[in-house]
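Keep in mind it's a predicted model, so treat the numbers as computed, not measured.
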Amino acid sequence: MTVRVGVIGAGMIGQDHIRRLTEAVTGAQVSAVTDIDAERAAEVAARVGAVVLPTGADLLTSPDVDAVLVTSWGPTHAEHVLNAIAAGKPVFCEKPLATTAEDCLRIVDAERAHGRRLVQVGFMRRFDPGYRQMKDVLASGALGTPLIVHCAHRNPTVPDAYTSPMAAQDTAVHEIDVLRWLLDDEIVSAQVITPRATSKRFEHLKDPQIMLFETANGARIDLEVFVNCQYGYDIQCEVVGEDGLVRLPTPTAVAVRTAGQHSSAVPQDWKARFAEAFNTEFREWIAGVATGAEPTGPSAWDGYAATVITDAAVSSLHSDGAVVAADMKPRPALYGGAA
């Protein structure tokens, strides 16, 4: 079966995903595209032989669309995902699932009423080979109970439009999701501390930030978010257990010796660092849609949890480093909970 995918949002990330679906994934066809910029939608659709539809609602009800990819502006995500659920169509939504916890819960409630999972959220780190190897080690029990996690998320630079709350909402949100999955544990509180700021930043931005999280089972997580580190895109993760530790591997790069130096390249952006994870994410999603299986990737509940936790982190940032509870509703049975 060829899965016909309709894409809502033809901006940068939408075009990246269209390329993946067209070039890196078998069994998928981009059949329809819509975007608030009709000219851009027409240009992108022409590249892949897709039709252009005027609105997301038109795309969602099209008989030529089997599944939906939402890559539009964040505040529109909830509307499109809710409409996809109403249409009974599988939907892959780039993060955030929604920009408020309330809208995330509306999606969770709609999916529960539908009776099965249709939604997958675009947290791609769960599909990265290094993180999957870490997950296997932790699940084996070889390290004993996880006690501490040390993380860093570094970008070379960010634009002027990047604000201090985005360190949690757009950057740390990836660690928040992947650590909940790695530890099989829930984050219950957040604290954000701002050390001495780098001079290599726009004046309005608090950078770096240190984020501290506690899980329901008592593990402690420290995360350095430094988005003007200058040297590259650097993702670090180390889980310390009672009997040992596991560390995220450094991406493979050739070692060069020249002019008295021994060096290897550092990725410069997320596209290069997580290219394989993005491809695997879409291969597995399309394979599941083709067989009629429920998605196994990050769920609507994971999208809700990430939003609640990032909200707590932003609240701490605005409260001079106060510890803020991540107050979540009970997890429904559809997502592995008891409720």
Problem set entry | Flag if over 12 foreign heavy atoms under 6.0 Å of CG, Leu143 | yes
Exceeds 12 heavy-atom contacts within 6.0 angstrom, atom CD of Glu203: no
Task: Shared hydrophobic cluster for Phe123 and Tyr233 (ILVMFWY, side-chain gaps under 4.5 Å) - done: no
Applying a strict under-4.5 Å side-chain criterion to I, L, V, M, F, W and Y, I'd like to know whether Trp301 and Leu334 cluster together.
yes
Here the pair of heavy atoms bringing Ala167 nearest to Val225 is CB-CG1, 3.9 Å
Inset, instruction - Show your working on side chain to side chain donor-acceptor pair (under 3.5 Å) between Arg247 and Gln236 and close with a plain yes or no. - result: CA-CA 8 Å; Arg247 182 178 295 132; Gln236 302 289 332; 6.0 Å; no
Within the 6.0 Å centroid threshold, strictly below: Phe127 and Phe282:
no
In the single-linkage hydrophobic clustering (I, L, V, M, F, W, Y; side-chain heavy atoms under 4.5 Å), do Leu179 and Met328 co-cluster?
yes
Between Asp160 and Arg201, does any side-chain N to carboxylate O distance fall below 4.0 Å?
no
Sub-4.5 Å side-chain heavy-atom contact between Thr71 and Val7 = yes
How about CG on Asp320, more than 12 heavy atoms from neighbouring residues, nucleotides or ligands closer than 6.0 Å, or not? no
Closest heavy-atom pair, Ala28 versus Thr2, reported as atoms and distance to 0.1 Å, is C-CG2, 4.1 Å
Residues Arg117 and Pro298: closest non-hydrogen pair is NH2-O, 3.6 Å
Hey, quick one: are Ile187 and Tyr304 part of the same hydrophobic cluster, counting side-chain heavy atoms closer than 4.5 Å, chains of contacts allowed? yes
| query | For the ring pair Phe226 and His153, is the centre-to-centre distance below 6.0 Å? | reply | no
(message) Taking the side chain as everything from C-beta on, heavy atoms only, tell me whether Val149 gets closer than 4.5 Å to Leu183.
(response) yes
CZ (Arg106) and CG (Leu97) are apart, to the nearest 0.5 Å, by 11.0 Å
Atom CD of residue position Gln261 - does it have more than 12 heavy atoms of other residues, nucleotides or ligands inside 6.0 Å?
no
Practice problem: Salt-bridge test for Arg331 and Glu186: reply yes if a basic N is under 4.0 Å from a carboxylate O, no otherwise. | Solution: yes
Tested for side-chain contact (heavy atoms from CB on, under 4.5 Å) against Ser164, the lone hit among His204, His318, Gln209, Gln169 is Gln209
Nearest heavy-atom contact between His174 and Met124 is CE1-SD, 3.7 Å
Kindly indicate whether the side chain of Leu59, heavy atoms from C-beta on, has any atom under 4.5 Å from the side chain of Thr55. no
message = A quick test of your reading: do over 12 heavy atoms of other residues, nucleotides or ligands sit less than 6.0 Å from CZ of Arg116?
response = yes
With Arg154 as partner, the option from Asp269, Asp207, Asp234 fulfilling salt bridge (Lys or Arg N to Asp or Glu O under 4.0 Å) is Asp234
**Message:** So that I can tick it off, tell me whether Arg125 and Asp128 are bridged by a salt bridge, with the cut-off set at under 4.0 angstrom between side-chain N and carboxylate O.
**Reply:** no
>> Please evaluate residues Thr171 and Tyr162 with respect to the criterion side chain to side chain donor-acceptor pair (under 3.5 Å), reporting the C-alpha separation (whole Å), side-chain torsions for both, the decisive distance (0.1 Å), and the verdict.
In response: CA-CA 10 Å; Thr171 302; Tyr162 189 100; 2.6 Å; yes
- prompt: Quick one: does Ile176's side chain get under 4.5 Å of Thr310's, heavy atoms only?
  reply: yes
Is it the case that atom CG in Asp64 sees more than 12 heavy atoms from other parts of the structure closer than 6.0 Å? yes
Check: With a 4.5 Å heavy-atom cut-off, do Ile107 and Leu82 have their side chains touching?
Finding: yes
Looking only at heavy atoms, the pair that brings Val3 and Ala67 closest together is CG1-CB, 4.1 Å
Inset, instruction - Find out whether Leu118 and Lys89 are in side-chain contact, i.e. whether some heavy atom of one side chain is under 4.5 Å from a heavy atom of the other. - result: no
Here the pair of heavy atoms bringing Val121 nearest to Ser299 is CG2-O, 3.4 Å
Exercise. Do other residues, nucleotides or ligands put more than 12 heavy atoms under 6.0 Å from the CG atom of Asp37?
Worked result: yes
Can you tell me if Glu224 has over 12 outside heavy atoms packed within less than 6.0 Å of its CD? yes
